[in-house]
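The structure appears below as structure tokens.
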Amino acid sequence: MKLYNSFSRTKEDFESSINFSARSDKTIKIYVCGPTVYDYIHIGNTRPMCVFDVLRRYLKYLGYNVKYVQNFTDVDDKIINRAHKENTGFFDISEKFIKEYKIDAAGLNVMPADVHPKASETIQEMIDMINILIKNKHAYATESGDVYFDTLSFENYGKLSNQTLSDLQTGARIDPNEAKKNATDFALWKASKPDEPFWDSPWGLGRPGWHIECSAMSRKFLGDTIDIHCGGQDLMFPHHENEIAQSEGCTGVKFSYFWLHNGYININDTKMSKSLNNFFTAREISEKYGYEAIRYFMISGHYKSPLNYTERAMQQSISSIQRLYNFKENLNFAINNKISESGVNLLENINKYKQDFLTAMNDDLNTSDALAVIFSMIKEANIKLSDFDVKFSVKNLEKIANCFNEFTSILGILYKNENNIKNQEEIDILLKDRDLARINKKWEKSDEIRDKLYKLGVAVKDTPNGTNVFKF
RNA sequence: GGCGUCGUAGCCAAGCGGUAAGGCAGAGGUCUGCAAAACCUUUAUUCACCGGUUCGAUUCCGGUCGACGCCUCCA
């Protein structure tokens, strides 16, 4: 498998770059920068959730043991501001939105991380790291009780974002209130202000800076060196740059072999922002189009490319998913209705599709191509499947179904649970009545029953081999 | 100003040196009691534009135009 590494700005062979064959610890360690939990997650937040979930699923499919950590940033200005605004506690806000996050994540079929650390529960580890950084002369404390990272002390500073310190300094802004040595220095620890959460530290009461949170949480649960660090492209600078400086300045070893950055979700080709009034939460979009349409939309293009959110794009996703579901239903119908072990094979070359799918995924998770492979398989199968006179080998049909399910579960699509239909008896009676009406050519009545069934969440398709009934 | 991404059919989107995948939408048709699903036909002599390299470029190089992102604790 090859992955594009933002650090080297090239596609690299995964196993070679992490030195997989030579190391004793075979667990793949992944850290994903998680949301700041001050509000419902927005549509942009769902991108990294979905695409790195695909990465995780695919690595597991390939047989790797994966440890996946995604944090919750629950110590942050935005949370504090919201708490003040609503006149409630900081942790009431963060706990509420962690719960809401989990609802959205489940809706999007994003597997829970192996560990979901919270910044507020990793304070001691942050203090430990800051202490080491000060000892290593990479950080300094000011009289006011703040601690800053000394960017000039870290020679590789700027390497990830491909910028030199002098470039950065011209663009950097200095807050006159800050006692920084250099414009590019950033806070590791901030002295507490009134009405803010605080913790005790060697530098007095205060709270951690944003960047150190991720360094500490990553280190605590994954160790000094991890394999893949993921996040949105906007985090590359300064957040990820600072993480590298902190972590490597502290441990002296490589922080992460790979850096993966997902592209943005734009609204009308423009970044979404509250001021432009083009801000959408995942929740409200899911209510309109369903979570699965969001999930599909997220993987319809390459994870690094920007995606433009439009109503039309969502409708297209819904239609595409429907085609996949239809195939699944039709395949199941064939399996259940063409019981003949000795029939002909529906597809001879299942392995070819499998191979093409893997090739696509191995190429830096080309989910777009992977979907195209699935649709090609569907096309070939549908052509033969529409001939109701042919008896197909059930074994072959099942093999195709397994392969199809394998593909869709790697991509994390087609997970919609069948409706738990409570009134099964009523439905059975309606189906029988409809059959009877059709035998007697009472079309009006049979159509009426079909509508009724549809409203109950049951679709019927008449075929020469009987009626294909499925719940939606 | 520095760093970076992108411009492929009505829409979405792969391909990135050998002559344009896939999905959605549209039109016509087949099948069906009607539907639904599915299938068939149809939709880019062309990949923003201009040069260059090459036997050959959407794909590489240079330039132009256009859109966008980061450098403001925003995924």
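Proteins come first, then strands; the chains are lettered A, B, ... in the order of their sequence lines, and each starts at number 1.
One interatomic measurement links the two molecules: CG of A:L307 to C1' of B:C68, which rounds to 14 Å at whole-angstrom precision. Protein atom CG of A:D234 is 12 Å distant from nucleotide atom C1' of B:C71, rounded to whole Å. Regarding A:F407, its CZ atom lies at a distance of 17 Å from the P atom of B:G22, rounded to whole Å. One can place CG of A:D76 at 13 Å from C1' of B:A75, the figure rounded to the nearest angstrom. Atoms NZ (A:K271) and C1' (B:C71) sit 12 Å apart, rounded to a whole Å. Rounded to whole Å, the distance from CG on A:L411 to C1' on B:G23 is 14 Å. Between the CD atom of A:E380 and the C1' atom of B:C39 there is a distance of 14 Å, given to the nearest Å. Per the geometry, NZ belonging to A:K304 stands 21 Å off P belonging to B:A75, to the nearest Å.
A distance of about 33 Å separates the C1' atoms of B:G17 and B:G2, rounded to the whole Å. A distance of about 23 Å separates the C1' atoms of B:G22 and B:A57, rounded to the whole Å. Annotation: B:U8 and B:A13 have their P atoms spaced 9 Å apart (nearest Å). Rounded to a whole angstrom, the distance from the C1' atom of B:G15 to that of B:U72 is 38 Å. Only the P atoms considered, B:U19 is 16 Å distant from B:G56, to the nearest whole Å. Here, B:A48 and B:A9 have their C1' atoms 14 Å apart, quoted to the whole Å. One C1' atom belongs to B:G18, the other to B:C50, and the distance between them is 24 Å to the nearest Å. Comparing B:A20 with B:C24, their P atoms sit 23 Å apart, to the nearest whole Å.
A salt bridge links A:E196 to A:R207: one of the charged nitrogens lies within less than 4.0 Å of a carboxylate oxygen. Ion pairing of A:K96 with A:D39 is absent here, as no side-chain N (NZ or NE/NH1/NH2) approaches a carboxylate O to less than 4.0 Å. A salt bridge is absent between A:D363 and A:K2: the closest approach of a Lys/Arg side-chain nitrogen to an acidic carboxylate oxygen does not fall below 4.0 angstrom. The existence of a salt bridge linking A:K180 and A:D146 is excluded, since no basic side-chain nitrogen approaches an acidic carboxylate oxygen closer than 4.0 Å.
When each of A:F279, A:Y309, A:F280 is paired with A:H42, the ring-ring contact (aromatic ring centres under 6.0 Å, His included) condition holds for A:F279 and for no other. A:F186 pairs with exactly one of A:F149, A:W210, A:Y148 by the side chain to side chain contact (heavy atoms under 4.5 Å, CB included) rule, that one being A:F149.
For the pair A:F375 and B:G22, the ring geometry does not qualify as stacking, because the centroid separation below 5.5 Å and plane angle under 30° are not jointly satisfied.
With hydrogens and angles left out, the side chain of A:Q316 and the base of B:C11 share a donor-acceptor pair within 3.5 Å. Between the side chain of A:H302 and the base of B:A13 there is no donor-acceptor pair of N/O atoms closer than 3.5 Å. If you check distances only, the side chain of A:D447 does reach the base of B:G33 with a donor-acceptor pair under 3.5 Å. Taking only distance into account, the side chain of A:D387 never meets the base of B:C39 through a donor-acceptor pair shorter than 3.5 Å. The base of B:A35 sits with one of its N or O atoms less than 3.5 Å from a complementary donor or acceptor on the side chain of A:R450.
Comparing B:C34, B:A75, B:A14 by their closest approach to the side chain of A:D462 singles out B:C34. Among B:G22, B:G4, B:A75, the nucleotide with an atom closest to any side-chain atom of A:A372 is B:G22. In the set B:G15, B:C3, B:C39, the nucleotide with an atom closest to the side chain of A:N382 is B:C39. Of the listed nucleotides (B:A75, B:C39, B:G22), B:G22 has the atom at the smallest distance from the side chain of A:S376. Of the listed nucleotides (B:A13, B:C11, B:G69), B:C11 has the atom at the smallest distance from the side chain of A:R312. Distances from the side chain of A:N45 to the nucleotides B:G15, B:G33, B:A75 place B:A75 closest. Side-chain proximity of A:F237 to B:C40, B:C71, B:A14: nearest is B:C71. Comparing B:C71, B:A38, B:C24 by their closest approach to the side chain of A:S319 singles out B:C24. Considering only side-chain atoms of A:K461, the nucleotide from B:A14, B:G2, B:A36 that sits closest is B:A36. Closest contact between the side chain of A:Q233 and the listed nucleotides B:G69, B:G33, B:C39 involves B:G69.
At the heavy-atom level, A:G44 lies under 4.0 Å from base atoms of the strands shown. Residue contacts shown for A:G263 include a base, since a base heavy atom lies under 4.0 Å away. At a threshold of 4.0 angstrom between heavy atoms, the contacts of A:V373 with the nucleic acid are absent. Looking at heavy-atom distances under 4.0 Å, A:I265 makes contact with a base.
At B:C40, one or more side-chain N or O atoms of A:K379 fall inside 4.0 Å of OP1 or OP2 (strictly under the cut-off). Contact annotation: A:S305 reaches the phosphate of B:A14 (side-chain N/O to OP1 or OP2, under 4.0 Å). Taking only side-chain nitrogens and oxygens, A:T310 never comes nearer than 4.0 Å to OP1 or OP2 of B:C11. Checking the phosphate oxygens (OP1, OP2) of B:U5, no side-chain nitrogen or oxygen of A:R9 falls inside 4.0 Å. Using a 4.0 Å cut-off, no side-chain N or O of A:N266 falls inside it from OP1 or OP2 of B:G69. For B:A37, the OP1/OP2 oxygens have no side-chain nitrogen or oxygen of A:N330 closer than 4.0 Å.
In this structure, B:G66 forms a base pair with B:C6, meeting either the Watson-Crick or the G-U wobble geometry with both donor-acceptor distances under 3.5 Å. Across all strands shown, the partner of B:C39 is B:G29, judged by Watson-Crick or G-U wobble contacts whose two distances both fall under 3.5 Å. Under the Watson-Crick or G-U wobble criterion, with both distances below 3.5 Å, B:C16 has no partner in any strand shown.
For the pair A:L371 and A:T463, nearest-nucleotide mapping onto RNA chain B gives the more 5' position to A:L371. Comparing A:N326 and A:G232, the nucleotide of RNA chain B nearest to each residue sits closer to the 5' end for A:N326.
In this structure, a donor-acceptor pair under 3.5 Å is absent between the side chains of A:D74 and A:Y38. Side-chain polar atoms of A:Y289 and A:E284 form no donor-acceptor pair below 3.5 angstrom.
The aromatic rings of A:H116 and A:F72 sit parallel to each other, their planes meeting at less than 30°, with 60° as the upper class boundary.
For A:K304, the NZ atom is densely surrounded, since the number of other residues' heavy atoms within 6.0 Å is greater than 12.
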